[in-house]
Amino acid sequence: MPDRETGQLTKKKYDYCLPCFKVEEDRKLAQDILEENEKTKQKNLQKDFSSFSFINPKLRNASFDNFIEYTQMESEGLQTAKRYLEVFSLEEPKNLLFWGSYGTGKSHLSKSICDEVIRKGHTAIFVNIPMMSKSIRATYNKDSQYQEHEIFARFEKADLLVLDDLGTGNHTDWLVHDVLFPILDARQGMNTVFTTNLNPNIPMSEDNPNKIQGLESMIGPRNFSRVMDNANIQTMIGKDKRKA
């Protein structure tokens, strides 16, 4: 364009800062690396969850978004699960116990908590106890993919462990003393979520005139004490969603 003073054509000047360009390029590269590292971390966390969880296939897609609330207790359960996530901390761990009737969404909410904890960058494992007990027995086979101590180590170290259907099925001395107790004992001072159909408020059988079996009498006082330590209890009574 013509110079205002000479009338001669001059080259157009552009504002250009090579150091600034280099800084921006480095910033973008660093951001790309961070994003790629986060994706890799999430894949590894999901791989751990898939490899060491014992979960009903019907729960694989369970989330807060597809949780159905039929009763006030179920609505309260959803809010309790979300609050648990809000305060989730490795420095100040807490236990959460969902108890109530069949099919009210206790396992659904617990699986949803696992997913959100993984999104926060923490390890989480979901363990259905009846399924786990069968798999633990299978480790005694020399051809097993994992050894018992490997599975226990994952349970004990996970930032969040869900123990689902606590007290369900045949709780033999082996399961109560050799499986549950070592896991619960190792997880003292860590974040653990439990689900059960058994009432935690019913005392041991000898103190229970009606002989109604509660959670404590099924899993034993030592295990029960560890479950209830620093635990928030959420009751969920309602219609069975599986029959809806």
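For this chain, numbers begin at 1 and follow the sequence in order.
With sequence neighbours excluded, the residues forming a side-chain contact (heavy atoms from CB on, under 4.5 Å) with Met218 are His171, Leu198, Gln213, listed by chain and number.
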> Step by step, would you call Thr123 with Asp159 a side-chain contact (heavy atoms from CB on, under 4.5 Å)?
Replying inline: CA-CA 5 Å; Thr123 55; Asp159 296 330; 3.2 Å; yes
>> Between Thr71 and Thr104, is the side-chain contact (heavy atoms from CB on, under 4.5 Å) condition met? List the steps.
In response: CA-CA 9 Å; Thr71 68; Thr104 52; over 6 Å; no
> Do Lys111 and Val162 pass the side-chain contact (heavy atoms from CB on, under 4.5 Å) test, and can you show the C-alpha distance, the side-chain angles, and the key distance before you say yes or no?
Replying inline: CA-CA 8 Å; Lys111 162 59 168 53; Val162 170; over 6 Å; no
> Going through the distances and angles, do Met132 and Asp164 end up as a side-chain contact (heavy atoms from CB on, under 4.5 Å)?
Replying inline: CA-CA 10 Å; Met132 174 198 68; Asp164 181 51; over 6 Å; no
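Note that CG of Asn191 is 9.0 Å distant from NZ of Lys94, once rounded to the nearest 0.5 Å. With rounding to the nearest 0.5 Å, the separation of CD in Glu92 from CG in Asn230 is 9.5 Å. Interatomic distance, CZ of Phe224 versus CG of Leu166, reported as 10.0 Å (0.5 Å rounding). Taking NZ from Lys120 and OG from Ser89, the interatomic distance works out to 10.0 Å, rounded to the nearest 0.5 Å. Glu156 CD to Leu184 CG: the interatomic distance, rounded to the nearest 0.5 Å, is 10.0 Å.
In this structure, Leu163 is not a member of the same hydrophobic cluster as Met190, with clusters built from ILVMFWY side-chain heavy atoms closer than 4.5 Å. Cluster membership for Trp174 and Phe181, using ILVMFWY side-chain heavy atoms within less than 4.5 angstrom, is not shared. Cluster annotation: Tyr70 and Tyr102 are assigned to distinct hydrophobic clusters (Ile/Leu/Val/Met/Phe/Trp/Tyr, side-chain heavy-atom contacts under 4.5 Å, transitive). Transitive grouping of hydrophobic side chains (ILVMFWY, heavy atoms separated by less than 4.5 Å) keeps Val227 and Val176 in distinct clusters.
For the pair Met236 and Leu109, the minimum side-chain heavy-atom distance is below 4.5 Å. Residues Thr196 and Thr168 have side chains not in contact (no heavy-atom distance under 4.5 Å, counting atoms from C-beta outward). Contact annotation: the side chain of Glu150 never approaches that of Arg154 to less than 4.5 Å [non-hydrogen atoms, C-beta and beyond]. Taking the side chain as every heavy atom from C-beta outward, Glu216 and Pro200 never approach each other to under 4.5 Å. In this structure, the side chains of Cys114 and Leu160 come closer than 4.5 Å at one or more pairs of heavy atoms. Side chains of Arg83 and Glu86 form a contact here, defined as non-hydrogen atoms less than 4.5 Å apart. Residues Leu215 and Trp99 form no side-chain contact, since every pair of their non-hydrogen atoms from C-beta on lies 4.5 Å or further apart.
Contact between Ser133 and Pro130 at its shortest, heavy atoms only, is OG-O, 2.8 Å. For the pair Glu74 and Ile68, the tightest heavy-atom approach, listed with the atom from each and the gap, is OE1-O, 3.8 Å. Closest non-hydrogen pair, Met228 versus Leu97, comes out as SD-CD2, 4.0 Å. In plain terms, the two heavy atoms of Ala81 and Phe64 that are nearest each other are CB-CE2, 3.7 Å. The heavy-atom pair separating Lys106 from Asn197 by the smallest distance is NZ-ND2, 3.3 Å. Closest approach of Ala124 to Ile118, counting heavy atoms only: CB-CG1, 3.8 Å.
With hydrogens and angles disregarded, no donor-acceptor distance shorter than 3.5 Å links the side chain of Ser63 to the backbone of Ser112. Judged by distance alone, the side chain of Asp165 and the main-chain N or O of Ile129 form no donor-acceptor pair under 3.5 Å. Side-chain atoms of Ser225 never come within 3.5 Å of backbone atoms of Arg222 as a donor-acceptor pair (strictly under, hydrogens ignored). Counting only distance, with no hydrogens or angles, the side chain of Glu116 and the backbone of Ile113 share no donor-acceptor pair below 3.5 Å. Using a distance-only test at 3.5 Å, with no hydrogens or angles considered, no donor-acceptor pair links the side chain of Arg226 to the main chain of Ala186.
Taking the six-membered ring where the residue is Trp, Phe67 and His108 present perpendicular rings, their angle passing 60° and hence far from 30°.
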Do any side-chain atoms of residues 52-62 form donor-acceptor pairs under 3.5 angstrom with protein atoms, and if so which ones, sequence neighbours left out?
residue: Ser53; atom: OG; partner: Phe49; partner atom: O; Å: 2.7
residue: Ser53; atom: OG; partner: Phe126; partner atom: N; Å: 3.0
residue: Ser53; atom: OG; partner: Phe126; partner atom: O; Å: 3.4
residue: Asn56; atom: OD1; partner: Lys58; partner atom: N; Å: 2.9

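Salt-bridge annotation for Asp115 and Arg119: absent, with no side-chain N of the basic residue lying under 4.0 Å from a carboxylate O of the acidic one.
When the options Thr192, Ile233, Asn232 are evaluated for a side-chain contact (heavy atoms from CB on, under 4.5 Å) with Leu96, the one that passes is Asn232.
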